[in-house]
Amino acid sequence: MEKRAMIEIQRLGKSFRIAGGKRHVALEGIDLNIREGEFVSILGPSGCGKSTLLYMLGGFVPPSSGSIQVQGRPVTGPGPDRGPVFQEFALFPWKTVLGNVMYGLRQQGVGKREARERAMALLHKVNLASYADFYPKELSGGMRQRVAIARTLAYDPATLLMDEPFGALDAHTRTVLQNELLQIWERDRKTVMFVTHGVDEAVFLSDRVVVMTRSPGRIRTVVDIDLPRPRVRAELLVDRRYQEYVVELERLIEDVHHERDAEPAPAPVAKTTLKVATR
Amino acid sequence: MRRILETLVPAAPLILLFVVWESAARLGWAPPNLLPAPSLVLQRLLELLPDGEFLHHLGQTLIRLLGGFAIALVVGVSLGLLASRTGGGALITVVRVLAPIPKIALYPAFVLIFGYDHASKIALVVADTLFPILLATFHGARAVEPKLLWSAWAAGSGRFASLFTVTLPATLPAILTGCRVALLIACVTVFLAEMISSTDGLGHLLSLAARSFRMVDMFVPLLLISLIGLLLNVALQFARKHLLRGQS
Amino acid sequence: MSAQAILQRLGAPLTVLVLLTLWELAARALALDGFPTATESLAQLPAILFDGQSLQSIGASLARMFAGIGLALLVAVPAGLAMGRNPTLARMLNPLLSAAYPVPKAALMPMVMLWFGVGDLSKILVIFLGVSLPLLYHSYHGAARLDDKLLWSAAAMGMRAPARLLRITLPGALPEVLLGCRVGLAMALIVMISSEMIARQSGAGDLLFNALDMALYPDVYAMIVILAALGFALDWAFEHLRLRLVHWAEPRQDAASGGNS
């Protein structure tokens, strides 16, 4: 089933002014289309501008050149159609768990009682209903990120913008949350843009993985992850195709690491389809 | 037992000071008309507290103190929040010129313009407490984590609305720290203003007592305004604990 | 970038100009006896500044102020540093300091004059008290925040305690101590003016109220301008000195120095 492009990114670039009046080019010539309901990961080393790309998509940071269109409309600022989830959680520390989840609904003009009911329903879904009256500081990292995800899901954005959301969590919590995220995604089929530097995480979650280079950040290649869904970790780990994707992406990332800054511009978006042995 | 000890040990130096002072006065080491025993001052304060006229003076002082502080709080927080959004270059320039001016020097002008009653004292309290609150708010608001604001904007909050739903609560710890400084300054300022030129208030009581060399009566208002400063500080700590229960 | 720098340079004079204009307009609009215009008031400046007696009076005020500051530096800074390095001492003195903080120091003037007479000593003493508290507070925090290992290595090299306080603790705590000095300087000027307004014996504060008593309103405002300029100039001069002394320290946001980044 062919779905229309949810997000269209064309010739997108971002540069910052640095000391001495020079400009640092963070991102250059980004072309990327993301279909509705697609789960796309942006994979790259730190400093490749992958978070900046996500911030521009969110409308938090203006681009220096190029354009971003979401559902056919150019991005001019943040909006409730694109919900962010940050590595740092960015929960409102002065609000309780329930207050945080209710916030977006209240801002959208939903009445207090209905907002409370809908927020509680969401908290049930992320298994945090009994923590509704806790403050974020009283929760563990994994619980805080669940609250942050619930806060964003509350106002039902069509697109989720996730900026290394599990980067600050321990390994066990990370896998638990990855599973929960997949369950939520398989139910709602929201469009997800997921920034990460974890190869296995990207392969496990995504339909496509965008590999980026750094200085300046460009798209090196896009890898289609052709693995069946719903995905079960235990099955995937012994799946040869999964293993090959991981190995191939690890190699690509390693190449990117070794490339010097003065490397000539790579060809614009090369789409690599891995040759995967079929059983 | 341990708990009693733990509260007593920090109080020990204060108690020691009290005892030395008391014995100095009682044993005649210092002439009593120059240094009254602290017990006498305390006794006099307790005598005066139910006294209607004394309470009137106390009330006048509190009106000026809290009135001036409230005005400075509203103006300072609003200006600080707005300036934090607009860059604040102009504000900082003006503050750099006005903040180091000794405000007490403006008091004669305030008396000339606003008269001898409440207004001139309140104006001085505002002038003295505005900048600590304004600067605390401005710097606090500038340091708010941008991702908190991004989260709010993405959730559909408007830029102006987020000033109150996000920036203000996130700046509250800084504002309360500014308030702590400002409240102490307000106590001192209102007292001095009343000493310099006034017909009522605690400061005026000290000046009055000084004219007839009534030492005990000089110490009473000074002790009381210091206690008010300490009490306001304690009250603010309580408010802080309640308001910031989510933020450590 | 350079346009912004020029604007920043011109910011202070421009602000003063705007404030004077506002004053002029407000005074003309209100037309109060007790609110002369800026031009009327500033016209009195030469008369005050070239009058030997006024100048002497202001000079004497400043001399007392600096005497009080000097005394506070000698007493409060070492005491604060010692508190910072000695927790027992800190536990002993901190309650006294918190109790002393809300006492209006200039309000002690009537008592102090009865004890030490109406001369310079009383005024210097009150300024000393006012400056000491911020100095103690900041020196204490500066020294307490210092890395223990710096002092351990100095002790291992055979440095004695007083030498360590002077050669290790003081330079380490200097940024914080100088911050205390800045607050102390502002405090000194405030205590100086208010104690002179209370005591009405001599000095700048007395001059101000004499003009008020004689209904010489433009002179009152001219004196206010002089004192305001004094406050600004002292702070400006000290900031330049401070930045030269602690250019090695990390930048830190404080009271009036908020750079616009």
Side-chain angles (χ1 to χ4, degrees), chain B residues 9-14 17 33-35 87-90 92-109 111-113 131-132 135 138-139 142-143 184 187-189 191-192 195-197 203 206-207 209-210 213 215 218-219 221-222 225-230 232-233, chain C residues 4 7-8 11-12 14-16 18-19 30 32-35 91-96 98-99 101-111 114-115 186 189-190 192-194 197-198 204-205 208-209 211-212 217 220-221 223-224 227-228 230-232 234-236 253 255-260:
Chain B
V9 167
L14 276 175
L17 182 77
N33 57 338
L34 283 189
L35 192 67
I92 287 298
T93 309
V94 174
V95 167
R96 278 214 183 112
V97 174
L98 291 181
I101 292 176
K103 308 301 175 306
I104 188 82
L106 298 175
Y107 185 50
V111 168
L112 285 176
I113 297 170
F131 293 109
L135 285 168
F138 176 73
H139 288 306
R142 289 281 289 255
L184 271 182
C187 288
V188 171
T189 302
F191 195 80
L192 292 180
M195 277 184 81
I196 292 165
S197 96
L206 200 169
S207 290
F213 305 107
M215 249 317 176
M218 286 165 73
F219 273 97
L222 193 67
I225 192 74
S226 308
L227 286 178
I228 289 171
L230 286 175
L232 285 174
N233 196 12
Chain C
Q4 205 182 359
L7 211 71
Q8 243 172 9
L14 211 66
T15 306
V16 173
V18 169
L19 288 173
L30 290 174
L32 290 173
D33 261 358
F35 192 21
R91 253 199 306 276
M92 295 276 294
L93 292 182
N94 264 331
L96 285 178
S98 351
Y101 237 104
V103 178
K105 311 304 170 296
L108 292 168
M109 207 54 205
M111 291 82 151
L114 285 175
W115 297 334
L189 194 62
I190 293 167
M192 175 195 104
I193 296 170
S194 39
M197 284 177 169
I198 290 166
L208 190 47
F209 262 78
L212 184 64
Y217 298 138
V220 172
Y221 283 79
M223 266 312 290
I224 292 175
L227 290 175
L230 202 59
F232 180 76
L234 282 173
D235 187 66
W236 181 84
Q253 273 186 344
S257 71
N260 26 341

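Chain A is the first sequence line, chain B the second, and so forth, proteins listed ahead of strands; every chain is numbered from 1.
Both the backbone and the side chain of C:Leu114 come within contact range of chain B, judged by heavy atoms closer than 4.5 Å. Contact of B:Leu17 with chain C is made through the side chain alone, with heavy-atom distances under 4.5 Å. For B:Phe131, no part sits under 4.5 Å from any heavy atom of chain C, backbone or side chain. B:Leu184 touches chain C through its side chain: at least one heavy atom from C-beta onward sits under 4.5 Å away, while N, CA, C and O do not. Residue contact with chain C, scored on non-hydrogen atoms closer than 4.5 Å, is absent for B:Leu232. Only the side chain of C:Tyr221 comes within contact range of chain B, with at least one heavy atom under 4.5 Å from a heavy atom of that chain. For C:Ala186, no part sits under 4.5 Å from any heavy atom of chain B, backbone or side chain.
The residue among C:Leu208, C:Val18, C:Leu234 with the most heavy atom pairs within less than 4.5 Å of chain B is C:Leu208. With chain B as the partner, the residue from C:Leu19, C:Val103, C:Asp33 showing the most heavy-atom pairs under 4.5 Å is C:Val103. Comparing B:Cys187, B:Ala109, B:Gly229, B:Ala210 by heavy-atom pairs within less than 4.5 Å of chain C, the highest count is held by B:Ala109. Counting heavy-atom pairs under 4.5 Å between each of C:Gly231, C:Pro104, C:Ser98 and chain B puts C:Pro104 at the top.
Side chain of B:Thr93 to backbone of C:Ala12: no donor-acceptor contact under 3.5 angstrom is found. Side chain of B:Tyr107 to backbone of B:Ser197: a donor-acceptor contact under 3.5 angstrom is found.
Residues B:Met195 and C:Ala107 approach most closely at SD-CB, 3.4 Å, considering heavy atoms.
Expressed to the nearest 0.5 Å, how far CG of C:Leu108 lies from CG of B:Leu206 amounts to 8.5 Å. Summarising the geometry, atom NZ belonging to B:Lys103 is positioned 6.5 Å from atom CD1 belonging to C:Ile190; distances are rounded to the nearest 0.5 Å.
Remark: C:Trp115 CH2 is packed, more than 12 non-hydrogen atoms of other residues, nucleotides or ligands lying under 6.0 Å away.
Listed by chain and number, the residues in a side chain to side chain contact (heavy atoms under 4.5 Å, CB included) with B:Ala209 are B:Arg214, B:Asp217, B:Met218 (sequence neighbours excluded). The side chain to side chain contact (heavy atoms under 4.5 Å, CB included) search around B:Ala105 returns C:Ile193, C:Leu227, not counting sequence neighbours.
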